[in-house]
Novice: 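Dropping a structure here in C-alpha cells format, bear with me for questions.
Residue numbers begin at 1 in each chain, while the letters A, B, ... track the order of the sequences.
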Amino acid sequence: MADPARAPLLSEDRAAQLAAEFGLKPEEHERALAILGRQPTLTELGLFSVMWSEHCSYKSSRVWLRELPTKASWVIQGPGENAGVIDIGEGLAAVFKMESHNHPSFIEPYQGAATGVGGILRDVFTMGARPVANLNALRFGSPDNPRTKRILDGVVRGIGGYGNCVGVPTVGGEVNFHPAYDGNPLVNAMTVGIARADRIFTAKATGVGNPVVYVGSKTGRDGIHGATMASAEFSADSEELRPTVQVGDPFTEKLLIEACLELMETDAIVAIQDMGAAGLTSSSVEMAGKGGMGIELDLDAVPQRETGMTAYEMMLSESQERMLMVLHPGREAEAERIFRKWELDFAVIGHLTDTGRIVLRHKGAVEADIPLAPLESEAPLYRRPTTETPKQPTLDAAAIPDPAGIEQALLRLVASPDLCSRRWIWDQYDSMVGGQTARRPGAADAAVVRIEDHARALALTTDVTPRYCQADPETGGAQAVAEAWRNITATGARPLAITDNMNFGNPERPEIMGQFAACIRGMAAACAALDFPVVSGNVSLYNETRGPDGTPRAILPTPAIGGVGVLEDVAQAVGLALPPGLDLVLIGETKGWLGQSLWLREIAGREEGAPPPVDLAAERRVGDFVRTQILARAVHACHDCSDGGLLVAVSEMAMASGIGATLLPAPEGTPEHAHWFGEDQARYVLAVPEAAPLLEAARTAGVPAARLGKSGGEALVLSGGRSISIRSLQEAHEATLPALMAEA
Amino acid sequence: MRAAVVVFPGTNRERDMALALKRAAGGRKPAMLWHGDAELPAGLDLVVLPGGFSYGDYLRCGAMAAQSPIMRAVKAFAERGGHVLGVCNGFQTLCEAGLLPGALLRNASLRFLSMDCHMRVERADTPFTSRFQRGQVFRATMAHGDGNYFADDGTLDRLEDTGLVALRYANPQGETPPEANRNGSARNIAGVLSPNLRVLGVMPHPENQVDPMIDGTDGLPLFESMAASLKAA
Amino acid sequence: MKVRVTVMPKNGVLDPQGKAIGHALGSLGFDGVGEVRAGKVIELDLAETDPQAAKAAAEDMARRLLANAVIESFRVEIA
C-alpha cells in the first residue's frame, strides 16, 4: 500500500531513464533502489544522483586521497569539513581551502569565476573565520586561440568583481597558458580566513528537535544539476548549457559574512554549512549525517525567488549566497534579529530527528524519505584501473644547442605567456582592502598578509607546474608541493599546511587515473618530507573535451597546491626586489636541467624530456637554511628559482626594483644556456651585504652555495661584457598581456 | 578628535579606515555607525564615509547610501559646520547626496583599477591637508571601478576658481599628464572640497598607507592633519 | 500598473560603455553604426491604477533616486 501522503513514485522504466540522465550508473541506480526498498520519487532520485556524483562523493578519487598526510601537531581540522584549520599561534587559527569552478567558468567565464570565489569564501566563513585573503590558480588555453582572450577577460573580471565587492583582498595567484586547456580552462579559487582557535564551527549537527534554519538569499532555479554537470565530460553542445549557470551576488555575500560572524559571537549555533554544489541537498544530508542524526525539512518554508518551484527543484537548486544552520533551541529570535538587521532572509525550515532519515515534506506530501547512513556508507567507491605514465628520457643538456644566445633567450622568456608580467590581471584585483597586505602580488614569492591587531602574518601561495606533471606525474606532484613550500620559505615564513585542488581528465581512462595516483604519490612524499600536511582539498575530474575526430583530449594533470605559512612578525618578511650594492648568492645545486624547461619549450621549441628531479631531503635542508638566514635578518631579498631557471629569477628580482646586477660566468663544464635556464629544483637567490659569512654558514650546514654576482647599475651584465638593460627586460615583460588583451 | 565611521550594507573598508583614524588619534578608536541610525552621537568632530560597495554599487555607486537615514543626519552635521571625509564609495555617496558637486562615472578604461597612484596636494590650508606641503606628491592605493570625476565645465571652473580642488592625480614628479590620470577624471581631479573646506571627498585610499609595516606612511599626513585640526577645534 | 523608467547618460557626458559597444559592433562588421549610448531601463510594478498619478510617482522616484541629474536624464512611460 502506498502511503497516501507520499509523492508519486517513478515507474521502473521512468526511474531508470531519469537515473541515466542524471548521471547515475546502472549499478548505482540498483543500489539506490535497494536502500529505499521501493521505487524512488523524482526528488529521491535527484538526491541520490547528486550525492553520488563525482563532485559530492569523490567516488573515483577517495581511495587515493587517503594516502596524503593530513596530520601535524598544528592541524586542528584536516580534510572532511568545509575547510582545513591550522593553529598559527597566539590562540589564532588559519582556515583555508581551494576549490575549482572549471566547468562553469568555461560556460560563462564571469559568473563561473565569480561564483567560484563566492563558494570558497562561504566554505571559510562557515567555519567561523573572517576571510582575509583570496588567491587563485588559473589555466587557460593557447594565447593564440581567440577564445582564450574572452575566457581570460571574463574570469579576471569575475574574480575581481566578486572579491573586490566583498572586500577580501586578492593577494596572489598563478596563471599558465597551454593548448591542453583550450576547451577546459581551470579556475581554482582559494580563501584564507582567521578565526579564534577555540571558536571553530563545523557541520556536525546534534540535538533532537533542534531547529534547522535557512539564511541568505532566496532559492531560484539556478544551476540545477550543476553538481552532476561538473562530473561529466564536456560535449560539443556544452555551450548550450548556459541557463543552468548560477549568478553571484557579492553584495549579499558580504552581508552574509557579517551576519554569520555576528551570530558566531554568540553561542546560538550548533552546526553550520554553506549551500554549495547541490545546495540544500548536500548541506542537509551532510549536517545530519555527520552528527548521526535524522533531519526533517518543510520545503514550503524555504524562501523562494520564483513561483511554482517543486521539491526536486528546491533541493537541487544551486542559488548562491545561502547557508544552512542548526541552532540551539530557543535561539531563533536572536539569530533572526541579526539576519534581519543585515537584510537577509531567515527561515526555520525543519528540525533534527532521531530517525537517521532525511524526510522532505512539500505541499502536504512526503517528497523524500531516505535513510542517511547508507547514502554515505553505500556510496559508490571506485578503485579505477590505472596505467603508469611512461618515463621520459633524461635530456643531455650538452646535446641541445642554443639557437638564440643568452640575451635574446632571456628577453623572449620574460615576455613569454607563462613568465610575462601579470600586472594586467593584478591591476583589476583589490589586493589592499583590509589594510593588512604587507607584500602584494609580485613583491615576494608568497603574499604576506598581517593579522589585524597582531604582528604575526601569513605567507600564502598557489603553485603547480603542469608540464612537469604531464611528463612525470609523481615528480610533478612532489614538485608542486615543494614549490609552494619554497615560495613560503623565501619570504622567511614557516610553511605549515596545504590545500590541494586536483584537476584531471576522465578518471574512467586508466592513463588519467594513473596520472592522478602518481601525482598523489609524489605529493604525499613531499608533504611527509617537508612536514606540510594536506588539510583540505577539492577534486575536479572529467576536464577533457573531444576533438573533431572524437578522441579525448585531457588537460595537463594539474594538482594545484595552496600553501600557508606563518611569520611571527611581519617585519621579518623579505621580498624579491633587488636592492643595489649587495652580493648575490645562489643557494642549492645547479646542474643545468633542461628537460621540460620553459627555455626548451619557448626557445628550442621542444616539449620533452624528464622534468627536473625533486630531492626532498635537499629541498628541506636548503629551505631550512635559507629561512634561518632570513630570520637572522641576514638577507635583504630572496627569490626561488623556478620556471625559466636562474637567470629568469635574477631578472625578476631586478625588474621588481629596476636595479641591475653583474653576474659571474657559468662554471666550467656546464653549457651556458643550461646554467642560466636549467630548472634544477631547491634553489634560491639571496641578496646579502656580504657573501662570505653566508657562504661559510652554508658550508657548515652542508648546503651548496655559490657566489653569483653583485647588484647595482641599470643592466644585467654577463661575462664578456654582454649586457641587457633592465628597462628592456621590463618593457618586454610588461608588454605581453596588455597586447594579448587589447580590446578584450 | 572624536571620529565616527559610517557602515552601510556593502561597505568594506571600514576596518582600514578605523585603523588609520585610531593611529592618527593616539589610539582612540572611532565610533562605528550603522546606516539605519537616524542620529549621530553627540560631540562628534568628524564623520567618515569609508570605501566599499554600499548596496552592491547597484543602480549607481553611492546612490542608495545617499538616501539612507544616517545621511540625513550627516547632511545636518555638515550644515552645522561638521567635518566630513568621504573616501572612494564615500566620495561617490557625498556627490550623490549633494554635499559635493559632480559625479563619479565608470573608469574610462571600463575596468576596475587597483594600483598605486600619486596625488598632488593643491592646498595645504585645510583641516585635511595641513600636514602636507602645497604641491607635495604622495602615493596612495586606488581601487575602484567608478572613479572618473565628472562635472560640467561651469562647475569645474568654479571649483578651480574657488580653490576647491584638494587633490589631483599626478606623476611622482608632480606633473599632471593624462597617463597619471588612470580613471579619466576631469582635470585630473582626485579630491574635492566643500566651500567651507570642511567636507572632503577623495577617490584613492590614503588609509591604506599609514603603517610602515604594511605599505609605507604616505597617507598618514591626511589623518594627522585631521587629528591636529580637530583637536584644536 | 507597470511603469518603465529609462535612464540615459546626458548629452555631453562621456559614455565609455556606449563607446566600447560601438567599437565592438564595428569589429563584428556592423558598418554605419554612429554614436552608441548605453543607459538602463528600470521596470516598476506600482499599486497605483491611475496612469497620470503613476507616471508622476515614477518621475518623483527618478528624480530622487533612479537617475542622477548631474549625469543622467530620464523618461517615464506607462508600460
Novice: Should the heavy atoms of other residues, nucleotides or ligands under 6.0 Å from CD of A:E334 be counted, would the total exceed 12?
Specialist: yes

Novice: May I ask you to check whether over 12 heavy atoms, not counting those of A:E714, lie within 6.0 Å of atom CD?
Specialist: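 No - once you tally the heavy atoms of other residues, nucleotides and ligands closer than 6.0 Å, there are 12 at most.
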
Novice: Can you list the steps and then say if B:T11 with A:K254 is a side chain to side chain contact (heavy atoms under 4.5 Å, CB included)?
Specialist: CA-CA 9 Å; B:T11 293; A:K254 170 68 174 164; over 6 Å; no

Novice: State, to 0.1 Å, how close A:M432 and B:R13 come at their nearest heavy-atom pair, and which atoms those are.
Specialist: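 Answer, listing the atom of A:M432 first, then B:R13: C-NH2, 3.6 Å.
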
Novice: Can you establish whether the number of heavy atoms outside A:Q572 located under 6.0 Å from its atom CD is more than 12?
Specialist: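 More than 12 heavy atoms, drawn from other residues, nucleotides or ligands, come within 6.0 Å of this atom.
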
Novice: To the nearest 0.5 Å, tell me how far A:I425 CD1 sits from B:S114 OG.
Specialist: 13.0 Å

Novice: Can any side-chain N or O of B:D16 pair as donor or acceptor with the backbone N or O of A:G434 at less than 3.5 Å?
Specialist: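 Answer holds: yes.
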
Novice: With a 4.5 angstrom heavy-atom cut-off, could you sort out which part of A:V166 is near chain B: side chain, backbone, both or neither?
Specialist: backbone

Novice: Do you know which of A:K341, A:E258, A:Q428 has the most heavy-atom pairs under 4.5 Å to chain B?
Specialist: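 Top option by heavy-atom pairs under 4.5 Å: A:Q428.
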
Novice: Should A:R439 and B:D215 count as an ion pair when the cut-off is N to O under 4.0 Å?
Specialist: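 So A:R439 does not pair with B:D215 through a salt bridge.
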
Novice: For B:M213 and A:A438, work out which heavy atoms get closest and say how close.
Specialist: O-CB, 3.7 Å

Novice: Which atoms form the tightest heavy-atom contact between A:T437 and B:I214, and what is the distance?
Specialist: O-CG2, 3.4 Å

Novice: As a quick check of understanding, evaluate side chain to side chain contact (heavy atoms under 4.5 Å, CB included) for B:D116 and A:R440, giving each step before the final call.
Specialist: CA-CA 11 Å; B:D116 279 353; A:R440 328 181 197 192; 2.8 Å; yes

Novice: So, taking the atom named CH2 in A:W424 and the one named CZ in B:R111, what distance separates them when rounded to the nearest 0.5 Å?
Specialist: 4.0 Å

Novice: At a 4.5 Å cut-off on heavy atoms, which part of A:E343 comes close to chain B: side chain, backbone, both, or neither?
Specialist: side chain

Novice: Looking at A:R727, I want to see if its CZ is surrounded by more than 12 non-hydrogen atoms of other residues, nucleotides or ligands under 6.0 Å.
Specialist: no

Novice: State, with a plain yes or no, whether a side-chain heavy atom of A:D427 is found less than 4.5 Å away from one of B:F112.
Specialist: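 A:D427 vs B:F112: side chains apart.
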
Novice: To the nearest 0.5 angstrom, please state how far the CG atom of B:D57 sits from the CG atom of A:N164.
Specialist: 10.5 Å

Novice: So what's closer than 4.5 Å to chain A heavy atoms on B:E207: side chain, backbone, both or neither?
Specialist: neither

Novice: Would you indicate whether B:R182, at its atom CZ, is surrounded by more than 12 heavy atoms from other residues, nucleotides or ligands within a distance under 6.0 Å?
Specialist: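 No, because the 6.0 Å sphere around CZ of B:R182 holds 12 heavy atoms or fewer from other groups.
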
Novice: Under a 4.0 Å threshold between the charged nitrogen and the carboxylate oxygen, would A:D453 count as salt-bridged to B:R15?
Specialist: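 No, B:R15 and A:D453 are not salt-bridged.
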
Novice: Considering only heavy atoms, which portion of B:N89 lies under 4.5 Å from any heavy atom of chain A: side chain, backbone, both, or neither?
Specialist: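 Looking at B:N89, nothing touches chain A.
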
Novice: Sequence neighbours left out, cut at 3.5 Å: what donor-acceptor pairs do the side chains of residues 63-75 of chain B make with other protein atoms?
Specialist:
from: B:Q67; atom 1: NE2; to: C:R64; atom 2: O; distance (Å): 2.9
from: B:S68; atom 1: OG; to: B:A65; atom 2: O; distance (Å): 2.7
from: B:K75; atom 1: NZ; to: B:A97; atom 2: O; distance (Å): 3.4

Novice: Is the CD atom of B:Q173 crowded by more than 12 outside heavy atoms at less than 6.0 Å?
Specialist: yes

Novice: Check whether any side-chain heavy atom of B:Y58 sits under 4.5 Å from a side-chain heavy atom of A:D249, and report yes or no.
Specialist: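 Yes, side chains in contact.
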
Novice: Classify the ring geometry between A:F251 and B:Y55 as parallel (under 30°), tilted (30 to 60°) or perpendicular (over 60°).
Specialist: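 Rings of A:F251 and B:Y55: tilted, as their planes differ by 30° to 60°.
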
